[in-house]
Colleague: 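The structure's right below; bear with me while I get my questions together.
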Number of protein chains: 2
Amino acid sequence: MTLGSAAGAPTHARRRAGRPPQAVLSSARITKAALKLVSADGYKGLTMAALAKSLNVAPSALYNHVRSKQDVLLLVEDHLMGRVDVTAFGVEPWAEAVKIWAHSYRNVFAAHLPLIPVIALLPVTNAPATITMYEAVTKGFLAAGWPSDSIIDAVVALESFIYGSAYDVNAPADIFDAGSLAPQAPHFAAAVTQRSNPGGQSDANAAFTLGLSAMIAGLLATSTRVSDTE
Amino acid sequence: MTLGSAAGAPTHARRRAGRPPQAVLSSARITKAALKLVSADGYKGLTMAALAKSLNVAPSALYNHVRSKQDVLLLVEDHLMGRVDVTAFGVEPWAEAVKIWAHSYRNVFAAHLPLIPVIALLPVTNAPATITMYEAVTKGFLAAGWPSDSIIDAVVALESFIYGSAYDVNAPADIFDAGSLAPQAPHFAAAVTQRSNPGGQSDANAAFTLGLSAMIAGLLATSTRVSDTE
DNA sequence: TAATCTAAATGAACGGCATTCATTTAGTGA
DNA sequence: TCACTAAATGAATGCCGTTCATTTAGATTA
């Protein structure tokens, strides 16, 4: 029992100040730890202090690898983008591939709502998985004969719908309950009551399926694309 | 020049503790002050301390009228919902009315992005202007012969697209710039470069117009509605 | 009219948060 | 060998939302 000798328990061993012989942190470890924290506690649990603690490090150490918390969110976002399923492009017909991609995209980020402003507002520079996803989607559109000058607009339109739909997944069931104000909005209140529930799927899924089918049909009808593998 | 006598400057007069003879705060005053702060400084400037200061009140006083900062955001949200243009419903054909409504809706909230989670996730109970907006929209759909059991789903789908598009308005111009990773995503990079710019409108507007037209066309094609004033 | 209850303000305090800075230690390149 | 840089600690900062005890004024009731 000399100085801090106690065998085992390396997790709690306190590191002395100064650069350690072997680097403790890396972007990959930070990303992984952040994801684990989010899975356990949600985004309210993702603080720089908690992240540091889970990595057995002082909070300020994180700033040697990351400029800000936003940077951490960007790391997580890019990692998750790798989970979006783009494998249907070039295999299934375009409309079907878009549906599979969109469902997967929405499902991934419905569980990570606070990342949506990050995806929607931050440049893709230094987000390799994100760029890889866009490359696969673009190739899928090109293979279906889509005119290249309208691909980005079509993808942005679909993404906008996907982001909004991700929020909708997290809306409470009573979001349209007008409560005491219902008498002042009779048609609306009636429509909410009569909302059908085909196949027992949730409201969010019904709206998502309806809107996605509509947008895909509309894009097909509007576009001047040259049919190909579609 | 007796105790705090200096004439004028009622703005800086310090109130003594205790209930004032005439109420200083109200929901309406709080809402107005919050909106003014946001206009001046954006949502980063909307803090409880700043809000209190602009109302010449201690921060804790706000909590007599509001349960939390979320409540303040809800007040602002509902106020803004009154600015969404629903006047075209019942006047213009359905497709045209939806376009006018959607553009207005997106434009209002593109300037208030932090409110989108509030709208998308909080019940409409106690948000009278929001309920009024939904009533007008519902009536517009009914008048166009829309089956009442699919109205809410259609509105939710449109709203999802609108929320996502509001984010897109605020995206930087270079959001799709892959930077040094461009060589690894040649098709995507090319599509970004070739993105057309019809009529000199911004990228966000092009994508919004395209997606909105597509969804409206798709909804019309999909639905089993009974044509009417449409 | 007096006593009680409630509404609405002040001001001090709290804990949590992201971030910064001085310092220490270890590897790296000239 | 010496300077430079990378990567850690730990103390400190400032902001933020929120709570609480307290004070004062209006409203209700006996």
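The basis for the numbers below is simple: all heavy atoms, side chains too, and nothing from hydrogens, waters or symmetry mates. Chain letters run A, B, ... following the sequence lines, proteins first, then strands; residues in each count from 1.
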Colleague: Can B:Asn205 and B:Arg106 be said to form a side chain to side chain donor-acceptor pair (under 3.5 Å), step by step?
Modeller: CA-CA 11 Å; B:Asn205 281 336; B:Arg106 181 198 69 146; 2.7 Å; yes
Colleague: Closer than 3.5 angstrom, by distance alone: can the side chain of A:Lys69 be matched with the main-chain N or O of A:Leu46 as a donor-acceptor pair?
Modeller: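 Judged by distance alone, yes, a pair lies under 3.5 Å.
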Colleague: To the nearest Å, how far apart are A:Leu51 CG and C:dT19 C1'?
Modeller: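 About 14 Å, once rounded to whole Å.
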Colleague: Within the sub-3.5 Å range, which N or O atoms of nucleotides 12-15 of chain C have a protein N or O partner, and how far apart are they?
Modeller:
none

Colleague: For residues 37-47 of chain B, which residues have at least one heavy atom under 4.0 Å from DNA chain D?
Modeller: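 The answer is B:Leu46, B:Thr47.
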Colleague: Decide if atom CG of A:Asn126 counts as having more than 12 heavy atoms of other residues, nucleotides or ligands within a radius under 6.0 Å.
Modeller: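 No - once you tally the heavy atoms of other residues, nucleotides and ligands closer than 6.0 Å, there are 12 at most.
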Colleague: Without decimals, in angstroms, what is the distance between A:Tyr63 OH and D:dA11 P?
Modeller: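 Taking OH of A:Tyr63 and P of D:dA11, I get 18 Å after rounding.
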Colleague: With a cut-off of 3.5 Å and sequence neighbours excluded, list every side-chain donor-acceptor pair involving residues 130-138 of chain B.
Modeller:
| from | atom 1 | to | atom 2 | distance (Å) |
| --- | --- | --- | --- | --- |
| B:Thr130 | OG1 | B:Glu77 | OE2 | 3.0 |
| B:Thr130 | OG1 | B:Asp78 | OD1 | 2.7 |
| B:Thr132 | OG1 | B:Pro128 | O | 2.9 |
| B:Tyr134 | OH | B:Glu159 | OE1 | 3.2 |
| B:Tyr134 | OH | B:Glu159 | OE2 | 2.5 |
| B:Glu135 | OE1 | A:His187 | N | 3.2 |
| B:Glu135 | OE1 | A:Phe188 | N | 2.7 |
| B:Glu135 | OE2 | A:His187 | N | 3.2 |
| B:Glu135 | OE2 | A:His187 | ND1 | 2.8 |
| B:Thr138 | OG1 | B:Tyr134 | O | 2.7 |

Colleague: How close or far is atom P of D:dC15 from atom NZ of B:Lys53, stated in whole angstroms?
Modeller: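 It works out to 11 Å between those atoms.
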Colleague: Is there a donor-acceptor contact under 3.5 Å from the side chain of B:Thr47 to the main chain of B:Ala50?
Modeller: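 Yes, B:Thr47 side chain to B:Ala50 backbone: donor-acceptor pair under 3.5 Å.
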Colleague: How many Å lie between CG on A:Leu25 and P on D:dA7, as a whole number?
Modeller: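 Rounded to the whole Å, the gap is 9 Å.
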Colleague: Identify, with sequence neighbours excluded, every residue that meets side-chain contact (heavy atoms from CB on, under 4.5 Å) alongside B:Asp174.
Modeller: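 Partners of B:Asp174 by the side-chain contact (heavy atoms from CB on, under 4.5 Å) criterion, ordered by chain and then number, come out as A:Pro123, B:Pro172, B:Asp177.
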Colleague: Whole Å only: how far is the CG atom of B:Asn64 from the P atom of D:dT22?
Modeller: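 My rounded result for the distance is 17 Å.
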Colleague: B:His103 side chain to B:Lys99 main-chain N or O, any donor-acceptor pair under 3.5 Å?
Modeller: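 Judged by distance alone, yes, a pair lies under 3.5 Å.
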Colleague: Under the ring-ring contact (aromatic ring centres under 6.0 Å, His included) definition, can you give me all pairs with a residue in residues 21-74 of chain A, not counting sequence neighbours?
Modeller: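 Pairs touching residues 21-74 of chain A that pass the test: A:Tyr43-A:His112.
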Colleague: Please confirm whether the ring centroid of A:Tyr163 lies under 6.0 Å from the ring centroid of A:Tyr167.
Modeller: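 Between A:Tyr163 and A:Tyr167, the centre distance exceeds or equals 6.0 Å.
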Colleague: Can you check whether B:Arg15 has a side-chain N or O nearer than 4.0 Å to OP1 or OP2 of C:dT10?
Modeller: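 For C:dT10, OP1/OP2 do have a side-chain N/O of B:Arg15 under 4.0 Å.
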Colleague: Show your reasoning for whether side chain to side chain contact (heavy atoms under 4.5 Å, CB included) applies to A:Val108 and A:Asp85.
Modeller: CA-CA 10 Å; A:Val108 168; A:Asp85 183 3; over 6 Å; no
Colleague: Which whole-number value in Å describes the distance from A:Leu55 CG to D:dA7 P?
Modeller: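 Atom CG in A:Leu55 sits about 15 Å away from atom P in D:dA7.
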Colleague: Taking only heavy atoms on the protein side, list every residue of residues 68-77 of chain B lying under 4.0 Å from any atom of DNA chain D, sorted numerically.
Modeller: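 Contacts with DNA chain D under 4.0 Å: B:Ser68, B:Lys69.
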Colleague: Can you find a heavy atom in the side chain of B:Leu210 that is under 4.5 Å from one in the side chain of A:Leu219?
Modeller: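 Yes, at least one pair of side-chain atoms sits under 4.5 Å.
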Colleague: Less than 4.0 angstrom between a side-chain N/O of A:His65 and OP1 or OP2 of D:dA8, yes or no?
Modeller: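 Yes, because at least one side-chain N or O of A:His65 sits under 4.0 Å from OP1 or OP2 of D:dA8.
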Colleague: Just the rounded figure in Å: distance from P of D:dT9 to CE of A:Met48.
Modeller: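 Nearest whole value for this atom pair: 13 Å.
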